[in-house]
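Side chains included, hydrogens not; waters and symmetry mates left out as well; all remaining heavy atoms used.
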Amino acid sequence: MRTIAPALLLALLAAAPLAIAQEGRAFNPIARPAARPALPDGAVRVTPPLPVPRERVEAAVATVAKAWSDKRLETVLAPGFQRRAELADAMQAKVPRDASLRVTAIQGWQVLDQWRLGGTLVSRVSVTVRTQVEFSDATGFQARDGTNEWVMTIRMREGGP
Amino acid sequence: MSVRLRLAAAGLAVAACAAAAQDFTVSGTNTVRWERYETRGAVAGSPYPFTTTTGYDEFVLNLGWQPSSFDRWRGLVAGVVNDSPYRSPDRDVVPERLLLARENGEAAIPYRAEAGDFFAFTGIRTQQRPLKGAAVELQPVTDGDFRTSVLAFAGAAQHSWRHLQWSDDNTVGLSWLSEVGKARFTVNALRNSREANAPEGAARRTQEVASLAAEAPFALGATAWRAEAEAATLRGDHDGAFGSAATVVRDARDNGFFAQLSGAHAPSGTGWRLRGERYGADYRPYGTAVTADRRSLEAHLTGLAPGGLSWRARVQDFRDGFEGPNPLDTRVVGAGLSSPWAALAATVSADAFRQELERADGTLDQRNLTANAFLSRSFGAVIGQLGLLYQRVDDRVTADASPRTKQVNASVIVPVAFAGLQGSIAPGVTWRDVSNAFSATRDVHATLQLFLSGGPHRFSLNAGRLSQDPALAATPDVATVNFGLDYRYRRGAHEFGVDVTTFDRRPTPGEKTEAWRAGLTWVWHFDHRVRAAPAPVAAVATAQGTVPRDLGVLAAVSPGDPFDATVARLAAAGYAGGANLPGAVAWEARPLAEIEGRQRVVVIGDSGRVERVGVIVSLAPAGGGDDAARTWERVRRALIERFGRPATTFEEGEFGANFAREVAAGRLIRIAEWNTDRGVIRLGIPRRLDGAARIEIHHARAFASPRDTAWGMEAIR
């Protein structure tokens, strides 16, 4: 189905009040994935990717939420996470001490890339998560809703329990 | 099993495509309709020439499958099991629209492929029409400042799959588009072939069309500019000036040229457009909307002022038949404005243009003036509307052939609410006086409209009586009464409808015509979704930010947005003086800058949410030579430019002198649809109970099938 991408909608929203008319065929880009990163030595890409069970995704999301609430988010960040220090500072300076992150819904997920390495199935998964940050301040209980995309690496031992 | 987790990114905005991945969707409608048509008296004057009891079962099946975020399949099967001569010329099972499409960004070369009914578009001067066949678009290079799209297609221009004849009228086309930085270059090549047409005596006709187009935006100080040009050439056969197979021209060669320089100065709110076109007498490509043997020059100036005032001015010069011995010169000077009038708590719009028509041999020499004004004022909850029209034709060749037309239209819209229903009742009257030696008449048209909705109920009623009193004794007086009602009841996935339309025409002297139509409709909407992942809850964020003053308003406001906040956003963007109708707000605006007719932006609410946002375009003549068909083509091209080729199209019937009547009878249908992540943008000419024909563009969650043509904004007059 021909869907107008969110990016296009954002472009329309940002359009100047006076748009200049134009004619002729326009370039309508086809969405394509970014170039896949190189796999680790010895890894074999799985194409098409195998589905990741819901319970694995739920467990992974719960692990992240708990790490956030316990103020030890750095333990689950990937080694190459961009602006890692800035995030750590924000967690210390801006997040209330008693704040906790509660997952209210997992809207869906998609396997971005997948490979086998030494009997382990490694999946890079994009998960859309609805969250609620809960804390108390001088005016009482507070809750802040959010919708996030988390990109996770989930490792599952094949043939295991 | 062990799980190790690494969070690679957090806090990103939701990616809609991720949530939609791995979906398989089945949706559509099934419509069962019973109807009775009856005519008494003079059948020739009836919109329903066949007296019959009949019906049909119509189905629309949409299929979608998205194995990944970058790979999407789409299918469409639409047709009818028919018994009605009004629904289709064919009986039994009639497939009407078939489509299988795939957009795959994961292939080595990203492509977009369509088979079935697709919309062929290479440009307004080369090809712009629905075809039955196949199209493939490849995008081999999309990185950096150099992007390329190659479009190839082959299809037949046919209305029916059952009678599909490839050789009747087919087009094979290739279009190469490259963007270098912000500049764009396009090369198009097409070949059209039409088989010999025995009944009309024409032999096989073929033609080749090629064009080269370029455009580039640039900035000069605080002004933004865009320069565009296209040169096209045609070689081959065409049907001649009258579009008839009997007047075929063989082995013709001719060219078409177009250039446009447009710009805008955002700080002052001013925009301008200079446009020149020249199409030779033999430049007549099939499947385009150009006017052959015409040379035109146009200058347009538009402006926005604080307080919501928008104005425009234009100078147009056309020479038709410029390659022949007797060209027709048409010069148009016009200006218009629309603005809130704070002192009166009203909105006013006015437009006037002067037109000069001259033939070289002196057989035509006219100076025409047309002026119209529209005023809308609130009196508490009641809205009063006043329309004025004055038209003067000075014919300098034919004595006593200089009609003057004066028209006054007044109506009030009174909100009504009872039994949980809300709506409006709108009585109105139009008085028209035409003074002329040959066609003087004095007409009075009284109308009454009622619109109610609430919960599962929607009810529309329109009644009108037109009394025509020509001055000439030989011309009969005519009294015409129209009545129509439409009631819909929605329960879950089912909608039940009753509609009645009557037509009563009584000439004195002459034979009267009494005709009516009644129908019962049952529509079943189905929407089934199968996901590998859990279905998302409603997580779409409310649209925010600046609302554009052009067609972007359709995408900037989405179905489901909070109604009051949306109205506030539009007000902040400069939409001022909106008429507060029951459940809707309508603004005089000009989202389509190149269309001269009256335009309005409308937001309709339901239970505190935006039910749909739309643009209404009047089809009244504006003196520039654009008839309804050409205005339709221009509006559609503007949407294609904004949203790309339409996902689906549906066309039936042809534009003619009585196109409004054809629309009202359901015989002229024009639909084009674009899918958005919030619903569907539909462009079309809906059937209205008052019989008026106008172009409407809606952004709503979903629509009924194209054959259910009563989808317009009935409450907006």
Of the listed residues (Ala638(B), Ala213(B), Ser211(B), Ser175(B)), which shares the most heavy-atom pairs with chain A below a 4.5 Å separation? Ser175(B)
Under 4.5 Å from any heavy atom of chain A, what part of Gln139(B) do you find: side chain, backbone, both or neither? both
Please check if the number of heavy atoms outside Lys71(A) that lie under 6.0 Å from its NZ is greater than 12. yes
Tell me, for Asn104(B) versus chain A, whether the close heavy atoms (under 4.5 Å) come from the side chain, the backbone, both or neither. backbone
Indicate the atoms forming the closest heavy-atom contact of Arg112(B) with Ile30(A), along with that distance. NH2-CG1, 3.3 Å
Can you tell me which portion of Leu177(B) sits under 4.5 Å from chain A's heavy atoms? Options are side chain, backbone, both or neither. both
For chain A, which of Thr148(B), Leu554(B), Thr648(B) has the most heavy-atom pairs under 4.5 Å? Thr148(B)
Minimum heavy-atom distance between Arg147(B) and Phe27(A), given as atom pair plus value: CZ-CD2, 3.6 Å
Does any heavy atom of chain A fall under 4.5 Å from the side chain of Arg275(B), the backbone, both, or neither of them? side chain
Go through the atoms of Tyr111(B) and report whether side chain, backbone, both or neither lie under 4.5 Å from a heavy atom of chain A. backbone
Tell me if a side-chain donor or acceptor on Arg32(A) pairs with a main-chain N or O of Ile109(B) at a distance below 3.5 Å. no
Check whether Glu230(B) gets within reach of chain A through its side chain, its backbone, both or neither, counting any heavy atom under 4.5 Å. neither
Heavy-atom cut-off 4.5 Å, strictly under: side chain, backbone, both or neither for Leu151(B) against chain A? both
Between Arg25(A) and Glu137(B), the two heavy atoms sitting closest are NH1-OE2, 4.0 Å
Examine whether an atom of Arg102(B) lies under 4.5 Å from a heavy atom of chain A, and if so say whether it belongs to the side chain, the backbone or both; otherwise answer neither. neither
Pick one of side chain, backbone, both or neither for Ser149(B), based on which atoms fall under 4.5 Å of a heavy atom in chain A. both
